[in-house]
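This report concerns only the one structure given below.
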Amino acid sequence: MNSLNTVCPARQTFNPPFSRIYAEREALAHPRAAQVLSAFPASRVIVIDHYKDVFNRTHQSFYLQKQSQALILAVKKGTLIYPGAPFCQDFGNSHFYYTSSVMNCIYDCEYCYLQGMYPSGNLVLFLNLEDIFGEVRALLARHPVYLCVSYDTDLLALEGITGLVRDWIAFAGEHPDLTLEIRTKSAAFSRIADLAPLQNVILAWTLSPEAAARHEHRVPSPALRLQSALHALRAGWPVRLCFDPLLLLPDARNLYRTFIEEVFRTLPGDQILDIGIGPFRISTEYLKRIRRSRPACAILSYPFEVTDGSASYDRTAMHALMDEVCSLIAKYVNPDKIYRYEEDN
Amino acid sequence: MLLFAAALYPEAAPLIDFLHLKKDPAFRAFDLFTSADAALIITGCGPANAAAGTACLLTARPPKSSDSFVNFGICGCCSRDTAIGTPYLACRITDAGDGRTYYPDLLYASPFAEAGITSFSKPVSNPAALPRLPESSAPDPGQPIAPSGRKQWAYGTLPYGTLPYGNLLFDMEAAACYQSARHFLMQHQMIFCKVVSDYGTSGRPAPGAVADLLKEPAASLTAWLSGLPAPDLSPDPFTESDHEAIRTASERLKLSEAMHAQLIRLMTYASLTGHSPAKLLAFFAAPEFTCTSKKEGKRYLEQLKYRLSGQADL
Ligand code: SF4
């Protein structure tokens, strides 16, 4: 399959990622700013008033910006915690929330919904984690909380720069009623390998067969992700595996069959906390925008079916693939632990 | 295509020379110089002229996603530490009129230093008297923050708070060119290359001196621009025969506008997954093929979709 890379210049032509750091004046005063900036001694810092002055500009090329991603340091105001989105799985948790201390991701998956959601490919890092903690404490005073902290980004992939995962884990250690999900495609478990495992912090790896991973640029290979998950499991962390999004690639059934066998040759199925399976789905608005930004991307040009503002593969074909994937996984993992995202969720 | 805007002829002269541009005598409102792959407009001084000239150029030569727009010329500098003749790319452009600041994307590696620039509607004669930004609680960005002790600020060695509007440079056109050009171009397509000609106190150099001063920066600029990639962000996935086959199929299947759009989507997918739309649609071009109604055409379209969406072999 083609991708826009065929019409895009080589990476060396671009300024290196994070060689430009836009920093809100207020963010510069935050103690975390010095820590982040110390990771980029050669970068230029451009002082801004508000992150939206850069992030929300019109006529940005999400795709090209991703080739020379700028970092934007900001202080988050307004809503900090959101109720779980309908496109996301709740894994049976009733008080399901998510929060984004980072907007955007260092990886570049062709099918990523963030390309349709954000006007910019640059990465915004909100430094005031303590304010988010404050809001979580207020929620915890009312009921237990299940909180996804790595939506709209890949937090573990950024750990070397931000240290946010460590802080979240420390916070979860003080609040047993809080369950965190930290979802990643990284192979960066080593960044937190020195921490004692917590049973209320779920490390969730998104896994894709090699043919799908070819559309996930700059993401560690499936084999490396599996190794990272294995280390986490051995260290005693609850590990979730997510086969989401399933892509209807040519010969998809065989691809997933071979891949699932490989996954459970590496990971002991009986030790996995649970499994999430979901088809590729995206809002039609986002899809329209992404197709404009990545016009030569085969995955996105698929003739999707549109129902209620959501685009997805042909229902029958996708159901057949989901059934197949579920039954293959059920050979290794208790079926009660398999959560399947259904369109009418 | 490279599209340039310069305020005055002496600023444009080195570019006209390097790029072998010829004056377009048919162009009336402004002086326009062109070649097969470049166009340069001389806007005149000040924000109103700059905005009008830029809009005029970009209307006359509607830019494609692979084109670049460059505002080139001289500027003043707030620091005498900066040598006359130093070229900069603007990473931050403030309009002194309303205090708004703009941030063109600087995605491509360049041989130039970067700095912020403030655009005024009148020439600046005393930069020391220009308004500073209000002090904030932020640490003085002039102080090193990184443990390495390196200063990281985009404004040379001067503390941000000591610079008018936080910018090292000043001119009369960049902000207006930006505000005009952003209606036609994407952020990464706009480049603002300014060369320090004075410190605001000594007056501007004579026209001949300007052209001399800009010769070297113009050479570096054109060399850099010629090596810049021109990513085509809206590539055509079809060959000429694909287009022809799609037109014919659409006609013969009596497709409505919406169904025609669906056919294009299907054929885009086909093309991007390595199939030939022309071959896939050849069946509908055959003389013996008949389709009597839109309804029947829709059925053919459904069949195509079924085959292409991986549910049947092609
Ligand atoms: S890892 Fe997830 S968030 Fe990051 S680009 Fe890929 S799909 Fe998007």
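Just so it is clear: chains get the letters A, B, ... in the order the sequence lines come, proteins before strands, and each one is counted from 1. Because the structure is a prediction, the values reported are computed rather than measured.
Nearest heavy-atom pair, A:S301 versus B:L272, reported as atom, atom and distance to 0.1 Å: OG-CD1, 3.5 Å. Summarising the geometry of B:Y108 relative to A:L64, their closest heavy-atom pair is OH-CD1, 4.0 Å, with the distance given to 0.1 Å. Nearest heavy atom pair, residue B:Y103 against residue A:V47, reads OH-O, 3.7 Å.
Other residues, nucleotides and ligands contribute only 12 or fewer heavy atoms inside 6.0 Å of the CG atom of A:D308. When the shell of 6.0 Å around NE2 of B:H260 is examined, it contains 12 or fewer heavy atoms from other residues, nucleotides or ligands. By the 6.0 Å contact criterion, CZ on A:R289 is enclosed, its count of non-hydrogen atoms from other residues, nucleotides or ligands being greater than 12.
Interface remark: B:L107 contributes backbone and side-chain atoms alike to the contact with chain A (heavy atom separation under 4.5 Å). For chain B, the nearby part of A:Y22 is the side chain; its heavy atoms alone come within less than 4.5 Å. Interface residue A:R292: only backbone heavy atoms are found under 4.5 Å from chain B.
Of the inter-residue distances, the one linking B:L266 atom CG with A:Y302 atom OH reads 10.0 Å to the nearest 0.5 angstrom. Rounded to the nearest 0.5 angstrom, B:R92 CZ and A:I48 CD1 are separated by 9.0 Å. Summarising the geometry, atom CG belonging to A:D53 is positioned 7.5 Å from atom OG1 belonging to B:T101; distances are rounded to the nearest 0.5 Å.
Here the side chain of A:N15 pairs a donor or acceptor atom with the backbone of B:L106 at under 3.5 angstrom. A donor-acceptor pair is defined here as one N or O able to donate and one able to accept, closer than 3.5 Å; such a pair exists between the side chain of A:H59 and the backbone of B:R182.
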query: Going through the distances and angles, do A:R57 and B:D105 end up as a salt bridge (charged side-chain N to carboxylate O under 4.0 Å, His left out)?
result: CA-CA 10 Å; A:R57 288 169 300 161; B:D105 270 344; 2.8 Å; yes
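Between chain A and the residues B:H188, B:Q189, B:R100, B:H183, the most heavy-atom pairs under 4.5 angstrom are made by B:H188.
A:Q65 is not listed as a side-chain neighbour of B:M186, based on a closest heavy-atom distance of 4.5 Å or more. Considering only heavy atoms from C-beta on, B:E114 comes within 4.5 Å of A:R44 through its side chain.
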